[in-house]
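These notes are about the structure you will find just below.
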There are 2 protein chains.
Amino acid sequence: MVTIKDVAAHAGVAFKTVSRVVNNDPTVKQKNREKVLNSIQVLGYRPNRAAQLTRRKKSGVIGFIADELLKVPYTFDLIRGAQDLAWENNKELMVLNVNINKYSVDGALNHLFQHRAEGVIYASMYHRAVKLPSAFEELPTVLANCYDLSNSYPSIVPDERNAAKEITLSMLRQGYKRLVFLNLNENIIAAKLRKLGVEDAFAEFGADKTNLIIESVIIGSEHNEYSVARKRAAELIRGFKPDAILCGQDPMAVEVYFVVQALGLTVGKDIGIGSFDDWDTIPGLLQPALSTMALPHYEMGQWAFNYLLSGQTEKTTQMAPFTLISRHSY
Amino acid sequence: MVTIKDVAAHAGVAFKTVSRVVNNDPTVKQKNREKVLNSIQVLGYRPNRAAQLTRRKKSGVIGFIADELLKVPYTFDLIRGAQDLAWENNKELMVLNVNINKYSVDGALNHLFQHRAEGVIYASMYHRAVKLPSAFEELPTVLANCYDLSNSYPSIVPDERNAAKEITLSMLRQGYKRLVFLNLNENIIAAKLRKLGVEDAFAEFGADKTNLIIESVIIGSEHNEYSVARKRAAELIRGFKPDAILCGQDPMAVEVYFVVQALGLTVGKDIGIGSFDDWDTIPGLLQPALSTMALPHYEMGQWAFNYLLSGQTEKTTQMAPFTLISRHSY
DNA sequence: CTGAAAGCGCTTACAG
DNA sequence: CTGAAAGCGCTTACAG
């Protein structure tokens with residue numbers, strides 16, 4: 001491999017001058033700079049990052065530990081948000097997947113320590129509380145899409161409550177009166193907060209709460225979840241006769257569309273449907289296309305990265321707002 | 001940060017002995033090894049990777065350039081396949097996202113060169129031909145889910161033709177006689193090969209080809225694609241009256257299920273449905289659950305990584321077999 | 001504005 | 001089995 005000394009010999013300068021050019025030191029005389037740049041070009045020199053890092057204080061590495069993250073399509077936006085900023089700031093984002101069977105969090109951390117990472121983003125697949133090993137205290141840590149029960153780390157999570165309030169208000173304002181909210185598993189934080197948000201909207205709008213049913217249709221324990229969305233949607237449409245249904249996630253909306261069609265009704269005409277997530281291709285697959293609250297994954301990834309860059313230490317829990325994507329389902 | 005010398009001082013040995021212990025050199029006396037291990041523990045020493053790499057010949061870094069890869073959920077399995085092996089082999093997988101707007105392939109390559117990567121996997125989002133900049137010739141390169149037109153690099157791609165043949169045969173064997181294959185855009189290689197595969201199956205089974213219609217229902221140019229699956233499915237079911245439909249991808253199957261239901265028919269009873277991809281949550285969302293040919297992304301990721309590890313140079317194009325996931329839709 | 005020296009934290013190559 | 005020296009490709013700190 002071509003080294004700084006090869007370039008120096010070729011350009012007829014001291015190797016320190018080459019180093020200066022590579023590092024954009026403005027004190028190099030224009031003529032020397034050009035000679036060096038030319039030699040770099042001709043010889044195909046590329047700085048050896050490992051050698052640079054050995055000598056420098058900063059590694060430029062930010063870790064990204066993904067807690068089984070990558071099973072759900074949109075969660076990858078967490079990584080993208082961070083990576084886009086890493087690229088812009090000339091940092092290295094070291095993405096490490098963690099899961100029960102293969103990679104431990106300790107293993108991932110060890111990796112990051114060996115690379116002298118300057119900070120780490122810990123991201124979870126869905127919004128939840130996590131308990132991190134104490135080794136995280138040794139380097140700046142930010143949580144994304146999750147939070148720490150003992151409040152030892154700064155974190156950013158989706159603003160579930162406001163999102164639910166916002167989409168519910170949007171439906172009420174359009175004239176829908178009688179709403180069924182088919183919620184996610186009541187054990188998860190998103191479900192708890194969204195329930196409050198929907199109720200907030202009814203209260204703020206002055207709507208009659210007897211026109212509201214909230215029910216969890218993803219049930220069972222964490223590792224044995226199943227959906228009763230179809231069954232309950234059918235029963236509720238027949239019995240309660242809502243004019244709108246809000247679904248806890250886009251895949252559930254697919255199920256509800258089937259139920260609505262089977263009952264001879266039309267989404268967007270006989271019954272309005274809204275949802276959460278903006279799950280990849282799903283919303284556009286439906287007819288009419290699904291209106292949904294998009295999760296702010298990309299923004300959370302960015303926020304987490306920026307937080308590390310800024311060198312802050314305040315242990316805030318930040319709320320990231322969803323974005324309402326209006327299509328034609330209500 | 002704790003260095004090898006700190007550990008040596010604490011353990012009362014030469015720093016070279018610490019280096020030996022860290023690198024599992026068997027010549028260290030048991031007693032000294034224990035002393036060093038203890039000091040490492042007590043001081044919390046972690047080897048500095050950058051310094052190691054500066055001195056060693058090998059960087060241990062394998063690059064993974066992902067061509068906008070991460071928009072479709074299952075494509076991440078390409079990375080997972082490679083990453084699992086990287087972990088096992090104590091290598092670093094450096095994942096770099098490439099796209100038109102932000103990161104160029106040249107930028108990603110430059111990154112990899114600076115890290116003295118030992119090889120690179122170039123993976124595309126869907127099965128297609130690619131043209132790589134000539135800089136790839138400077139380091140061992142393997143293509144995954146794509147191939148090079150000039151055959152300059154080894155590659156692995158899904159065995160589309162056999163997959164189509166296999167699922168079609170499986171349907172024919174179950175007694176289905178009259179098949180509509182709603183194909184992907186005819187411009188893409190997968191569509192071309194699968195068409196051949198379906199025809200292979202009819203020929204091999206001795207089935208009557210007048211009972212087969214193959215039609216592309218994803219149409220338009222690459223950047224302006226749209227689906228006429230619903231419209232054509234409805235027309236074909238009414239006119240041609242197939243007893244089975246094969247869909248080019250799982251999302252298309254969702255659309256077809258809606259059409260079938262709207263016509264008052266039942267999937268798996270009145271009409272069999274098969275598909276391709278095994279796209280994340282979609283197959284299980286449908287009722288009955290969708291039988292589909294799963295893309296071998298994980299396996300391709302593994303193969304590509306192994307190929308680099310093995311140090312082979314043969315420029316083969318490998319075919320990776322799909323796996324039939326039988327559920328209840330036919 | 002430029003260069004010769006020292007040093008980063010390791011491993012390599014050699015000596016004992 | 002262990003250690004003192006040299007060196008990896010750079011940057012830092014200093015001198016001119």
Side-chain angles (χ1 to χ4, degrees), chain A residues 1-40 43-61 90 92 110-118, chain B residues 1-40 43-61 90 92 110-118:
Chain A
M1 270 284 157
V2 182
T3 75
I4 215 175
K5 290 185 181 171
D6 299 327
V7 176
H10 187 270
V13 297
F15 69 86
K16 177 69 252 220
T17 300
V18 178
S19 170
R20 285 197 175 92
V21 171
V22 170
N23 291 287
N24 290 317
D25 184 328
T27 66
V28 179
K29 210 162 56 182
Q30 183 60 18
K31 195 155 185 185
N32 279 336
R33 178 182 305 280
E34 277 163 20
K35 279 201 291 187
V36 169
L37 252 17
N38 177 255
S39 298
I40 285 176
L43 300 177
Y45 168 73
R46 322 204 201 222
N48 181 325
R49 279 290 260 272
Q52 290 179 323
L53 300 183
T54 304
R55 202 65 189 78
R56 286 189 186 145
K57 285 283 176 210
K58 308 230 151 196
S59 70
V61 170
N90 204 24
E92 198 75 50
N110 190 33
H111 230 72
L112 293 176
F113 280 125
Q114 292 195 8
H115 284 276
R116 301 297 186 261
E118 294 166 13
Chain B
M1 269 284 154
V2 184
T3 73
I4 215 174
K5 290 184 180 171
D6 299 327
V7 176
H10 187 271
V13 297
F15 69 87
K16 178 66 251 221
T17 299
V18 178
S19 170
R20 285 197 176 93
V21 171
V22 169
N23 291 286
N24 291 315
D25 184 327
T27 66
V28 179
K29 210 162 55 182
Q30 184 60 16
K31 198 156 184 181
N32 278 335
R33 178 182 306 280
E34 278 163 20
K35 279 201 292 188
V36 169
L37 252 18
N38 177 256
S39 299
I40 286 176
L43 300 177
Y45 168 74
R46 320 201 202 226
N48 182 324
R49 278 289 260 271
Q52 291 179 323
L53 300 184
T54 304
R55 202 62 189 80
R56 285 187 187 149
K57 284 284 175 206
K58 307 228 148 195
S59 70
V61 170
N90 205 24
E92 199 76 51
N110 189 34
H111 230 71
L112 293 177
F113 279 126
Q114 292 195 9
H115 284 276
R116 302 298 187 260
E118 296 166 12

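Predicted model, so just to flag it, every value in this text is computed and none were measured. Below, chains carry the letters A, B, ... as their sequence lines are ordered, and counting in each starts from 1. Below, all heavy atoms of this structure are taken into account, side chains as well, without hydrogens, waters or symmetry copies.
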Whichever of A:Lys16 and B:Ala14 has the more 5' nearest nucleotide on DNA chain D, that residue is B:Ala14
For atom CZ of B:Arg49 and atom P of C:dT11, their distance in whole Å: 11 Å
Beyond-backbone contact of A:Thr54 with B:Asn48, side-chain heavy atoms, under 4.5 angstrom: no
Spacing between B:Leu53 atom CG and C:dT11 atom C1', to the nearest angstrom: 11 Å
Rounded to the nearest angstrom, tell me the gap between atom NZ in B:Lys58 and atom P in C:dT11. 17 Å
Nearest heavy-atom neighbours spanning A:Tyr45 and A:Thr3: CE1-C, 3.7 Å
Rounding to 0.5 Å, atoms OG (B:Ser59) and CZ (B:Arg49) come to a distance of 10.0 Å
Keeping the roles fixed (side chain from B:Asp25, backbone from B:Thr27), state whether a donor-acceptor pair exists under 3.5 Å. yes
Where DNA chain C forms runs of at least three Watson-Crick or G-U pairs (i with j, i+1 with j-1, under 3.5 Å), the stems are C:1-3 with D:14-16, C:5-12 with D:5-12, C:14-16 with D:1-3
Under 4.0 Å, heavy atoms only, any strand: does B:Val22 hit a base, just the sugar-phosphate, or nothing? nothing
Give, for atom OG1 of B:Thr17 and atom CZ of B:Arg33, the distance between the pair rounded to the nearest 0.5 Å. 10.5 Å
Is there a donor-acceptor pair closer than 3.5 Å between any side-chain N or O of A:Asn38 and the backbone N or O of A:Lys35? no
Listed nucleotide nearest any side-chain atom of A:Lys29, set D:dT12, C:dC1, D:dG3: C:dC1
Below 3.5 Å is the cut-off: list the nitrogen or oxygen pairs between protein and nucleotides 7-10 of chain C, distance only.
{"unit_1": "C:dG7", "atom_1": "N2", "unit_2": "A:Arg55", "atom_2": "NE", "d": "2.5"}
{"unit_1": "C:dG7", "atom_1": "N3", "unit_2": "A:Arg55", "atom_2": "NE", "d": "2.7"}
{"unit_1": "C:dC8", "atom_1": "O4'", "unit_2": "A:Arg55", "atom_2": "NH1", "d": "3.3"}
{"unit_1": "C:dC10", "atom_1": "OP1", "unit_2": "B:Tyr45", "atom_2": "OH", "d": "3.0"}
{"unit_1": "C:dC10", "atom_1": "OP1", "unit_2": "B:Asn48", "atom_2": "N", "d": "3.4"}
{"unit_1": "C:dC10", "atom_1": "OP2", "unit_2": "B:Ile4", "atom_2": "N", "d": "2.9"}
{"unit_1": "C:dC10", "atom_1": "O5'", "unit_2": "B:Tyr45", "atom_2": "OH", "d": "3.2"}

Got a donor-acceptor contact below 3.5 angstrom from the B:Gln114 side chain to the A:Arg46 backbone? no
Within the 3.5 Å criterion, strictly below it, is a donor on A:Glu92 or A:His115 matched to an acceptor on the partner's side chain? no
Take atom CG of A:Asn24 and atom C1' of D:dT11, then tell me their distance rounded to the nearest Å. 15 Å
B:Thr17 vs D:dC1: side-chain N/O to OP1/OP2 distance below 4.0 Å: no
Which whole-number value in Å describes the distance from B:Asp25 CG to D:dC1 P? 10 Å
Taking all heavy atoms of A:Leu53 and all of A:Lys58, pick out the closest pair and write down the distance. CD2-O, 3.7 Å
